[in-house]
2 protein chains.
Amino acid sequence: MLSGTNLPRVGGYNQAVVLDAIRTTGQVSRVELAALTGLTNQTVSNVVRKLLDAGLVAESGQAPSSGGKRRTLLTLRADGACAVGVHLDPEAAVIVVVDLAGEVIGSRRLRLTDPGDPADVVDRVARTTGRLLDRSAVDRTRLLGLGIAAPGPLDGSTGAVVAPPNFPGWGRVPLADMFADATGLPVALDNDATAAAIGERWIGGADRAGSFLFIYLGTGVGAGIVLNNTVLHGDSGNAGEFGHMAVEPGDRVCHCGAMDCLGPYVSPAAIIDDLLRLHGRTAADRIGLTGTPDSVHHDWKALRRAARADDPAACDVVRRAARRIGEAARGAASLLDVSRVVLGGEALRGIEPIIREEVEAAVNRTSVARTIRAVAVEQSVIGETVGAVGAASLVLHGNYAPGWRMLTDVPG
Amino acid sequence: MLSGTNLPRVGGYNQAVVLDAIRTTGQVSRVELAALTGLTNQTVSNVVRKLLDAGLVAESGQAPSSGGKRRTLLTLRADGACAVGVHLDPEAAVIVVVDLAGEVIGSRRLRLTDPGDPADVVDRVARTTGRLLDRSAVDRTRLLGLGIAAPGPLDGSTGAVVAPPNFPGWGRVPLADMFADATGLPVALDNDATAAAIGERWIGGADRAGSFLFIYLGTGVGAGIVLNNTVLHGDSGNAGEFGHMAVEPGDRVCHCGAMDCLGPYVSPAAIIDDLLRLHGRTAADRIGLTGTPDSVHHDWKALRRAARADDPAACDVVRRAARRIGEAARGAASLLDVSRVVLGGEALRGIEPIIREEVEAAVNRTSVARTIRAVAVEQSVIGETVGAVGAASLVLHGNYAPGWRMLTDVPG
DNA sequence: CGTCAGCTAAATCCATTTGATGGATGAAGT
DNA sequence: ACTTCATCCATCAAATGGATTTAGCTGACG
């Protein structure tokens, strides 16, 4: 059931709206804010005063006069708040500390040789986080919490990860609670693609305002959906599941039993396999693939490098995968009616141009795209660390965006 | 840019929330409303008074006491408001008058032999609407407006239909303005699938609360998306485009050039064609198909009847189409993370069970569906007239649902 | 060439309005 | 006597419109 509002919430909402407007524009005056948000000058004035008092924004100079008193410009105070972001991946845990402006003020990478015991990983991440915070001289009173980006389906009600692919032993683990206990911080949890989308929304300014579909390529493929500046979470907190979008069937079986799911065709392991099967040992040797199951990380790096160097075999298999991503993206973009698709994720490094090209061609084929609005396809503005930065953004977003809340409150 | 709120809007919003709660529950007391909406007893009391004064709800008896004073129950007043809905289709225009409870209090069907001139159609529909309103003795002061459900992409900014498939001569026609001029009523315009979804949301009560994906089969295939009781319109007002979802490619070319778009495989004409190609003249004769291009309506009726009577050939081709709808629905449901899919549209009559079966199997295959929440697949609660009733609901929705507004205001 | 009145735009002050809230009170039952 | 529902009343929070202050621009006049 839809729930009602009250006055305090209106206040909070308007504050969030104004903060959002300052963030996405970079630098604005109060009058401009009033025009942008539809609020009165007076209201903007009041809201801005509160934000100034809270240390979240600062006055940053004057605009040239347009005949009368000059406008005083407002900007976000980067040191107004900060958050920790943790991107969990079978391969490694990336930890970042991000300030209110989205700047990374410290980062660490923990190799996770063999996923291992969740409790152990949580412990190591928590200790590393503590050291990182000390070294970065973060004002603890301005530290809002810790965000986690994890692969695979989540159970929002328990703050647990459910059966993440390639993450044996991590099923039904109450990650949010464990991190809250280990760090004493409020914790937010979301899947990696959604976290990445929130990161883009938070950091990308005007280029990521409105609506977009974020396609994330990591160990698997996922999507994060932002509609009207609002993040879509879905009934169970798993919106953006992209791996089960239908594509041209081949001979790869999804764990759901279908032969036409996108997921199994576009993982790094699958593309490496494609290269071996379609182009043989010669091509593999030329590129430098070992071809053993536990060298996927290395092989994938080599394959991407080869594709970037225009190796025909590498380009071919990447393009095949890109084509399937394009098919799925076409359906998603037309279903959601978004006019922007953003590509990101660590598995994409170097091969963005190929993927971009195919996706762009696919999403712009539909009649709506051609007659009413074209769809822009762009790379992540954050880059390699979208996962971790996105995780941190979960916290910033939870605190300063209208209508979302943290999973766990401050424990104790 | 996200816009701010103010006090009046809060009031309006809370009124809409309470009205919505009364509508979806059917009959509730004030205290229950307070619990459902999170508002105070006092606030509910105030809001309800306003709704009573406005003639939108009525007190309808007392609940049995639970130890103290009995609760007075509230229901929607069906005669509190009404709206006209027009479903435009190449085949016919269906006009209905719907009251606040969603009851159809009058309807007409205009055959459109050969789509013809838009201006002429608008004129005929307007005149028929006038007569229909007179006959149904509708209180004009309580008539909120006219809603139009049209196929094909729309241009929200101009209130025009853009290049609707099978609707030659209707491209870029400013339908909303034309109807507003012809009837003097405020007009709302949306595509047929979205209108149908809004209709379900408006009339379906508790069964259509929350989030769902509505798959509409008319001349083409489309979808309407309701997320958290809010209708998704999309950047250009064309959310729910379902015909370009990727499915297993065959030999049918979409007008966008792709071979793997859902649309061309599931239209009645395509399924009829399938029957002829896969099962030959014998089967076609047995079913009673003429097989000429302009007898699609008749043939489709015959084919559906045959499928309902378990004719193996008819069932086969329907099931093939259903399977592809299922593939697309699987992707959409997992992308949006909805736990309910609703099927409707006039082309579906009689063959719902087959479609339902295939769609249900497909959407419940994914890991999220199996481990976290199952997806229910259901028929429209409105039935055959979803299009027209949905069109009328556009108006009701625009007036009494939080956060949406009419395209054209009262002209003059 | 300076300067001061008149103008404009930005930001704020103040009184008012709207809407939700908590506590007390009345109403209708068991 | 006790419950539960519903409303009354005083209060509080937030936005609003209009007046006011602040700050800079412009141009005419000495």
Side-chain angles (χ1 to χ4, degrees), chain A residues 2-19 21-22 25 27-54 57-75 402-403, chain B residues 2-19 21-22 25 27-54 57-75 402-403:
Chain A
L2 227 43
S3 68
T5 348
N6 52 17
L7 286 265
R9 274 197 230 177
V10 170
Y13 177 81
N14 280 345
Q15 274 188 47
V17 166
V18 170
L19 191 64
I22 296 175
T25 51
Q27 220 186 18
V28 251
S29 64
R30 288 172 175 80
V31 252
E32 288 166 319
L33 282 172
L36 284 170
T37 59
L39 297 168
T40 333
N41 284 343
Q42 181 58 55
T43 303
V44 170
S45 207
N46 295 340
V47 169
V48 167
R49 190 203 315 291
K50 278 184 197 159
L51 294 176
L52 285 168
D53 289 348
V57 304
E59 303 194 326
S60 60
Q62 315 258 104
S65 162
S66 60
K69 178 174 175 176
R70 288 175 302 183
R71 310 168 169 192
T72 53
L73 297 171
L74 302 160
T75 38
Chain B
L2 227 44
S3 68
T5 350
N6 52 17
L7 286 266
R9 274 196 230 176
V10 170
Y13 176 82
N14 280 345
Q15 274 188 48
V17 166
V18 169
L19 190 64
I22 296 174
T25 51
Q27 218 184 23
V28 250
S29 65
R30 289 173 176 78
V31 254
E32 288 165 319
L33 282 172
L36 284 170
T37 60
L39 298 167
T40 333
N41 282 344
Q42 181 58 57
T43 302
V44 170
S45 207
N46 296 339
V47 169
V48 167
R49 188 202 316 290
K50 280 185 197 159
L51 295 175
L52 286 167
D53 289 347
V57 304
E59 303 193 326
S60 59
Q62 315 260 106
S65 163
S66 59
K69 177 174 174 177
R70 288 175 302 182
R71 313 171 165 188
T72 54
L73 297 171
L74 302 160
T75 37

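Not measured: the values here are computed from a predicted model. Every chain is numbered from 1, with letters handed out A, B, ... down the list of sequences.
- Rounded to the nearest 0.5 Å, atoms CG (B:Leu51) and CG (B:Leu33) are 9.5 Å apart.
- A donor-acceptor distance shorter than 3.5 angstrom exists from the side chain of A:Thr25 to the backbone of A:Ala21, with no hydrogens or angles considered.
- Residue B:Arg49 contributes atom CZ, which lies 13 Å from atom C1' of D:dC9 at whole-angstrom precision.
- Counting to the nearest Å, the C1' atom of C:dA24 and the CG atom of B:Asn41 are 14 Å from each other.
- Distance check, rounded to the nearest 0.5 Å: OG1 of B:Thr43 to CD of B:Gln15 gives 12.0 Å.
- Remark: B:Arg70 is in phosphate contact with C:dG29, judged by side-chain N or O atoms under 4.0 Å from OP1 or OP2.
- With hydrogens and angles disregarded, no donor-acceptor distance shorter than 3.5 Å links the side chain of B:Ser45 to the backbone of B:Asn41.
- Note: B:Ile22 CD1 to B:Gln27 CD = 10.5 Å, rounded to the nearest 0.5 Å.
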For nucleotides 17-20 of chain C, give me every protein contact, N/O to N/O, under 3.5 Å, one pair per line with atom names.
{"residue": "C:dA20", "atom": "OP1", "partner": "B:Asn14", "partner atom": "ND2", "Å": "2.6"}

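- Judged purely by atom type and a 3.5 angstrom limit, A:Arg30 has no side-chain atom pairing as donor or acceptor with the backbone of A:Leu73.
- Between B:Arg71 and B:Glu59 no salt bridge is recorded (no basic side-chain N to carboxylate O distance below 4.0 Å).
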So which protein N/O to nucleotides 3-9 of chain C N/O distances come out below 3.5 Å?
{"residue": "C:dA9", "atom": "N3", "partner": "A:Lys69", "partner atom": "N", "Å": "3.4"}

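- Between the CD atom of A:Glu59 and the C1' atom of C:dA10 there is a distance of 12 Å, given to the nearest Å.
- Distance CG/A:Asn14 to CG/A:Leu39: 4.5 Å, rounded to 0.5 Å.
- Picking from D:dG24, C:dT12, D:dT7 the nucleotide with the shortest atom distance to the side chain of A:Ser65 gives D:dG24.
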